[in-house]
Amino acid sequence: MRVWMVTQWFDPEPTFKGLLFAQELRRRGHEVEVVTGFPNYPGGRVYDGYRVRAYQREVVDGITVHRVPLYPSHDSSALKRVLNYASFASAAALKMLAGRRPDVVYAYHPPGTVALPAAAARLVRGVPFVYDVQDLWPDTLAATGMLPQGRVLDAVGRVMDATYALAQHVVVLSPGFRDRLVGRGLPADKVSVIENWCDEAQIELPERAAARSALGLGDDFTVLFAGTMGPAQGLDTVLDAAALLAVDAGVRFVLVGAGIDVDRLRARADAEGLGNVEFLPRRPIHEIGEVLAAADALLVHLRDDPLFEITIPSKTQAYLHAGRPVLMGVRGDAADLVTRAGAGLVFAPEDPAALADAVRRMRALPAEEREEMGRRGARHYNDELSLRVGADRFVDVLEAAARRRHPWQRTKRAVDVVVAGSALTVLAAPMAVLATQVRKKLGSPVLFRQERPGRDGEPFTMVKFRTMTDERGPDGELLPDAERLTPFGTWLRMTSLDELPELLNVLKGDMSIVGPRPLLKRYTPFFTAGERRRLDVRPGITGLAQVAGRNLVSWDERLALDVHYVETMSPWQDLKVVARTVLGVFSRSGVVADPESHMLNLDDERRLRCEATR
């Protein structure tokens, strides 16, 4: 497959479906290109080594990365955030309309505006897209206070519903997300749950004692939170719990990361003299393993909002992979995951007393029992959540979407039936006269029948007026085509009248009026992976390759034109092909009655080419 990933955040920004996912798809043999912005998340400042420009192309591990301009901002200003989202979506949409057409687009949400470039490719170029929904809009916008309740929020909801309907398939991170979207009217078979994984390759887990020593943790029982610190995380609960645990000597909370709440939380901890709370700056992903390995327990917490009951914070996967016990302060799906894995304790969110009690209970457990919790979590991650498992599921979804029929094909079939039926009615008498002449001059049977590969390579029997005799040599074998091709047969081929019976194939559904010409079955094994795309549609009586030169075009060019037709098919394309076919028939341009006298058969040509390169 040729996959285009469109994501506003991509490496070196922290992301869960970035370079790691692209590399895995490429490792599996797929061609991957990425459309993204200039890195500035989560601080809103463009990373060193980059500057916003009109366009920048990079190649990373064989993956082409297209960076488009955006307004860098991730602060609490709703206007600036809107500018950030809208600028990327608009620039990415323009990029998605240029370049080679992909087989499928993978769109990573958040933000929801990333659907705009995917939708543009779908509506203008007919490219199906798979929408990976990590964040429900407008629900999250309301829950975080980014947008107040009202008409704007309602309008966002309507836009998102239209986007879900436009997507070929929607992937969500939890059963709760799926239930919510199905409740909005999305068909259940259009939504798949594929839980997130973590960046396994970069999370190196050192020996625990060395990690604790490096962080200066000593003998304290350390509860560690790593990740974004914003309103959604509700980390005031952690400070409140720390105050309750101040009397418990040897308990420490360590908060690692960045976000719009960091300065406020640090100032509050200082003002209240919370000596058992420590803040550490955000660590790059390749250093986070040391931090996770050092903890006695890893903390997940979100505000007590109904929306968060159906989400699974992505740090959960990294925590499980790290093999440390988890304290889960999120209701619903996330709590169910930790309980199912047997990987930790669950407590009520935004309840400082509940968090303090969970810390005390975790601390009171024997060390070996805590270690076993961590091992169970790591096993569950490997068996159910790892990159290997998730990529298998994603490839199935992407391949199914890529096989989806072009929207024109549904209407095209109806047009084919009308045109073929009308043409057979009008041409019945002339075809009867031609059939009589064929029988008189060339013998019986009047029709030449041959099995050819149709759509998806399925064989069908194509019918034409015969153009050659059945003359045989002294050995009983048929004479070469050139010797059996009579002047009458040559005339039939030059005028394309021998193709008229194929209208019956069109009526049956084996062929279309316009499409790649059905070639010999023995040619199919010699198609490249890209050229096999010509089999994605019904073969045609005429096609783009035929009007571009018929038998005078090389095999490479001819097959490339067939693939180009499949990638750009539209009613206007078909009308142009038909018009050029009519002109070509009357001018007889590019027609060779005996193609084998002009060029090698495809199998012979490619076999010779292969032998020449050995």
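Ring centroid separation for the pair Y523 and W555 comes in under the 6.0 Å cut-off. The aromatic ring centres of H169 and Y131 sit 6.0 Å or more apart. If you look at Y106 and F394, their ring centroids are closer than 6.0 Å. Aromatic ring centres of F21 and W197 lie closer together than 6.0 Å.
Once rounded to the nearest 0.5 Å, the distance linking CG of D470 with CG of L442 reads 9.0 Å. Note: N40 CG to L70 CG = 5.5 Å, rounded to the nearest 0.5 Å. Distance CG/L20 to CD/E200: 6.5 Å, rounded to 0.5 Å. With values rounded to the nearest 0.5 angstrom, H30 atom NE2 is found 12.5 Å from I63 atom CD1. Rounded to the nearest 0.5 Å, atoms CG (L173) and CD (Q134) are 5.0 Å apart. Separating the CD atom in E24 from the NZ atom in K17 is a distance of 13.0 Å, to the nearest 0.5 Å.
L503 approaches A423 most closely through the heavy-atom pair CD1-CB, 3.8 Å. Scanning all heavy atoms of the two residues, the minimum distance from F10 to L19 falls at CE1-N, 3.3 Å. Closest non-hydrogen pair, V182 versus A188, comes out as CG2-CA, 3.8 Å. Of all heavy-atom pairs spanning I541 and R517, the tightest one is O-NH1, 3.0 Å. Contact detail for N84 and P72: the closest heavy-atom pair is ND2-CA, 3.9 Å.
For the residue pair N196 / S314, a side-chain donor-acceptor distance below 3.5 Å is found, with atom types taken as modelled. Side-chain contact of H66 with E33: a donor-acceptor pair under 3.5 Å is present, judged by distance alone. Judged by distance alone, the side chains of E557 and S554 do bring a donor and an acceptor atom under 3.5 Å apart. Remark: the T469 side chain and the E471 side chain contain an N/O donor-acceptor pair separated by less than 3.5 Å. At a cut-off of 3.5 Å, with distance as the only test, no side-chain donor of N505 or E502 sits close to an acceptor on the other residue.
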TODO: Before giving the answer on salt bridge (Lys or Arg N to Asp or Glu O under 4.0 Å), spell out for R28 and D392 the whole-Å C-alpha distance, their side-chain angles and the decisive distance to 0.1 Å.
DONE: CA-CA 10 Å; R28 293 165 181 249; D392 283 344; 2.6 Å; yes
- [ ] Apply side chain to side chain donor-acceptor pair (under 3.5 Å) to the pair Y565 and D574, showing each step before the final yes or no.
- [x] CA-CA 9 Å; Y565 171 80; D574 283 9; 2.7 Å; yes
Open item on the list: I'd like to know whether K412 forms a side chain to side chain donor-acceptor pair (under 3.5 Å) with S512, so could you lay out the CA-CA distance, the side-chain angles of the two residues, the decisive distance to 0.1 Å, and finally the verdict.
Closed with: CA-CA 8 Å; K412 181 180 172 72; S512 178; 3.3 Å; yes
Task: salt bridge (Lys or Arg N to Asp or Glu O under 4.0 Å) evaluation trace for E451 with K521 - done: CA-CA 7 Å; E451 200 169 68; K521 283 180 64 178; 2.7 Å; yes
Open item on the list: Between R609 and D556, is the salt bridge (Lys or Arg N to Asp or Glu O under 4.0 Å) condition met? List the steps.
Closed with: CA-CA 12 Å; R609 183 188 302 176; D556 287 351; 3.2 Å; yes
- [ ] Go through the steps for R455 and D510 under the test salt bridge (Lys or Arg N to Asp or Glu O under 4.0 Å), then give the verdict.
- [x] CA-CA 8 Å; R455 186 171 66 178; D510 297 328; over 6 Å; no
TODO: Test side-chain contact (heavy atoms from CB on, under 4.5 Å) on F488 and T467 and set out the steps.
DONE: CA-CA 7 Å; F488 177 68; T467 56; over 6 Å; no
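With sequence neighbours excluded, the residues that form a side-chain hydrogen bond (donor to acceptor under 3.5 Å, both in side chains) with S444 are R439. Residues satisfying the salt bridge (charged side-chain N to carboxylate O under 4.0 Å, His left out) criterion with D604, sequence neighbours excluded, are R607.
If you run ring pair (Phe, Tyr, Trp, His ring centres under 6.0 Å) between Y41 and each of Y85, W9, F88, Y47, only W9 comes through.
Between D103 and R533 a salt bridge is recorded (basic side-chain N to carboxylate O distance below 4.0 Å).
Surrounding CZ of R532 are at most 12 heavy atoms belonging to other residues, nucleotides or ligands under 6.0 Å away.
Without hydrogens or angle criteria, R67 side chain to Y50 main chain gives no donor-acceptor distance under 3.5 Å.
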